[in-house]
Amino acid sequence: MVTATAGIYLRATPDAKGRVLDTVEKGDRLTAFGTPADGWQRVGRTGKPQGYVTAAYLAETAPETKSTPGRYAKADPGDRGCALPDDLPERARPPRLSEGTVARLRAAGNLRVAPVCDAKVLDVLETGERVTVLEAAGGWYKVGRKGKAPGYVGAALLTPVKR
């Protein structure tokens with residue numbers, strides 16, 4: 001048995017471009033099949049499809065969780081997790097933000113180079129930080145900050161700034 005140390009994708013093939021079958025949440029227990037190969041581990045769980053996950057985000061025992069309500073764990077630029085903070089309702093529909101809207105982050109989150117969970121992390125944005133919406137991309141917004149490179153953040157993390 002292994003435990004996920006971050007939110008990750010379960011993929012059909014051992015490749016970052018493999019079709020996503022499901023998500024694995026931080027703390028989920030999985031059955032590992034064989035040993036990791038080229039950084040990928042074949043896993044399964046009862047009632048769910050079997051597939052491959054990045055072995056770097058698995059631990060032999062359950063990870064210690066030190067959570068601070070309303071915040072992401074600080075991610076380093078190599079992080080590939082993409083879970084929402086526990087205090088944001090999963091089914092909450094944030095208002096659609098139009099181009100040019102100034103918004104603030106409801107919780108700390110990763111600014112990514114592309115609108116996908118396993119894209120490289122450019123920066124970690126802090127709770128309350130203000131950004132400008134440049135465009136919508138599915139469940140993501142491309143955002144800009146004064147003097148910094150633009151990137152993508154999950155739509156559920158943004159709320160318009162009240163003027």
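The distance from atom CG of Leu125 to atom CG of Asn110, rounded to the nearest 0.5 Å, is 8.0 Å. Lys146 contributes atom NZ, which lies 13.0 Å from atom NZ of Lys148 (distance to the nearest 0.5 angstrom). Taking NZ of Lys26 as the start and OH of Tyr57 as the end, the distance is 12.0 Å to the nearest 0.5 Å. The OG1 atom of Thr159 lies 5.5 Å from the CZ atom of Arg104; values are rounded to the nearest 0.5 Å. If you take CZ on Arg19 and OG1 on Thr13, they are separated by 9.0 Å, rounding to the nearest 0.5 Å.
Taking both residues in full, the closest heavy atoms of Ala103 and Leu158 are given as CB-CB, 4.2 Å, listed atom of the first, atom of the second, then distance. The two residues Lys142 and Pro150 come nearest to each other via the heavy atoms CE-CB, 4.0 Å.
Between Asp22 and Arg45 there is a salt bridge, with a side-chain nitrogen of the basic residue lying less than 4.0 Å from a carboxylate oxygen of the acidic one.
With Tyr141 contributing its side chain and Glu135 its backbone, the two residues share no donor-acceptor pair below 3.5 Å.
Val153 is connected to Leu97 through a chain of hydrophobic side-chain contacts under 4.5 Å among Ile, Leu, Val, Met, Phe, Trp and Tyr, so both are in one cluster. With hydrophobic clusters built from ILVMFWY side chains whose heavy atoms lie under 4.5 angstrom apart, Val133 shares a cluster with Val113. Under a hydrophobic clustering in which Ile, Leu, Val, Met, Phe, Trp and Tyr are joined whenever their side-chain heavy atoms come within less than 4.5 Å, directly or via other members, Leu21 and Leu30 fall into the same cluster.
Applying the side chain to side chain contact (heavy atoms under 4.5 Å, CB included) rule to Ala114 yields the partners Val116, Ala119; only residues at least two apart in sequence or on another chain are considered. In this view, Arg130 satisfies the salt bridge (charged side-chain N to carboxylate O under 4.0 Å, His left out) rule with no residue, not counting sequence neighbours. Thr31 meets the side chain to side chain contact (heavy atoms under 4.5 Å, CB included) test with Met1, Phe33; sequence neighbours excluded. In this structure Ala32 satisfies the side chain to side chain contact (heavy atoms under 4.5 Å, CB included) test together with Val2, Gln41, sequence neighbours excluded. Contacts of Glu129 classified as side-chain hydrogen bond (donor to acceptor under 3.5 Å, both in side chains), with partners at least two apart in sequence or in another chain: Arg145. Partners of Glu99 under the side chain to side chain contact (heavy atoms under 4.5 Å, CB included) rule, at least two apart in sequence or in another chain, do not exist in this structure. Here Arg42 pairs with Gln50 under the side-chain hydrogen bond (donor to acceptor under 3.5 Å, both in side chains) rule; sequence neighbours left out. Legend: residues meeting side-chain hydrogen bond (donor to acceptor under 3.5 Å, both in side chains) with Ser98, ordered by chain and number and at least two apart, are Thr101.
The only member of Thr127, Leu111, Val131 that meets side-chain contact (heavy atoms from CB on, under 4.5 Å) when paired with Leu105 is Val131.
Side-chain contact between Leu58 and Thr5: absent, with no pair of heavy atoms (C-beta onward) separated by less than 4.5 Å. Inter-residue side-chain proximity for Asp28 and Thr3 is flagged as unmet; no heavy-atom pair is nearer than 4.5 Å. Annotation: side chain of Leu10 is not in contact with side chain of Thr23 (no heavy-atom distance under 4.5 Å).
Here Trp40 sits in one hydrophobic cluster together with Tyr52; the rule is ILVMFWY side chains under 4.5 Å apart, joined directly or through other members.
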